Amino acid sequence: MFTRKSLGLDDAQTALDAILGALSATDSPIALAVADEHGVPVLCLRQDGTPPRMLRRARAKAYTAANLGMDTVVFRDTAVKAASRTLEDWGDPMITALQGGLTIRSGGEVVGGIALSGNPTPRDQALARIGLDAMGITS
Amino acid sequence: MITNLTISLEDAKTAVSAALAAAKPDDGPIAVCVTNENGDPAYLVRQDGASATDVRNAERKAYTAAFIGRDTSAYRLQIAHDGRTVADWSDAMITTLHGGWTLRRGSQVIGGIGVAGSGGEDRDERLALAGAEAAAQLAVDAWRAQRKPRP
């Protein structure tokens, strides 16, 4: 038997509050997904006016970041683009190479993933970073 | 052009909070999901300890209640009465597990709420009802707020 660390709802809500506080008037309404170490959702939120596909994407990004233990932009650049692979190679329809999903680590261990969609993907990632930092989990 | 009512994130949060508040210490940790009228999630919360299955089923219950426009327990009775199975809908998201309630404004479907993980289907249903009632109360409050006082 062994134990694994996993992200809790309190952590997710801390991230949510920080992200909502960081949104500016020029941002589009967002979809946010925070997942545990398997990529299973802990908290999902879709602001009024955000198309449902955005939450689908955010969930896929959070799943990918948690499940692969790699930020989605790093996954895109190193595992997909640089290696000339396509997403089909992973055989998992939830895997995405869209930027905006970040792996959450505690003491080197993957404990979850956080992701946004709704804005240009670099902004999605910047907002996810704000949430990640707010949780105060040290990698 | 037509207009459709749909649930707001604030409504969804109110409903989720009410469902969580109704849970007692001897209930298992739950997942709660609120969707719009099309079954697309607006807010989904998983309490610490609720399983991946609970997350999936909370979402499927909310989806079914919204998309079919029937509370999931009533839907189960109906298809049993009609001699059908869920497979007839060709939709893997459809479930007849109790614990999904349709959210309405008047006769119009505006969303759905689903709860899973409390330990029993019928208890899930009771907790989801607390959320649905809170959402319904918002409609009453909104109606009262815009009602013109009698001269």
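All of these numbers come straight from a predicted model, not from anything done at the bench. First the proteins, then the strands, lettered A, B, ... as listed; each starts at 1. FYI, side chains are in, hydrogens and waters are out, and symmetry mates aren't considered; it's all heavy atoms of this structure.
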Group every Ile, Leu, Val, Met, Phe, Trp and Tyr by side-chain heavy-atom contacts under 4.5 Å, then state whether [X] and [Y] land in the same group.
X: A:Ile114; Y: A:Leu23; value: yes
X: A:Trp90; Y: A:Met70; value: yes
X: B:Trp101; Y: B:Val16; value: yes
X: A:Ile137; Y: A:Ile130; value: yes
X: B:Leu127; Y: B:Leu103; value: yes

Residues in residues 27-51 of chain B that sit under 4.5 Å from chain A, counting heavy atoms only: B:Asn36, B:Asp40, B:Pro41, B:Ala42, B:Tyr43, B:Leu44, B:Val45, B:Arg46, B:Gln47, B:Asp48
Report, as yes or no, whether the 6.0 Å neighbourhood of atom OH on B:Tyr75 holds more than 12 heavy atoms from other residues, nucleotides or ligands. yes
Heavy-atom pairs under 4.5 Å with chain A, option from B:Arg56, B:Glu59, B:Lys13, B:Glu10 with the top count: B:Glu59
For chain B, which residues from residues 30-48 of chain A lie under 4.5 Å away (heavy-atom distances)? A:Asp36, A:Val40, A:Pro41, A:Val42, A:Leu43, A:Cys44, A:Leu45, A:Arg46, A:Gln47, A:Asp48
Could you look at A:Arg56 and say if it's the side chain, the backbone, both or neither that has a heavy atom under 4.5 Å from chain B? neither
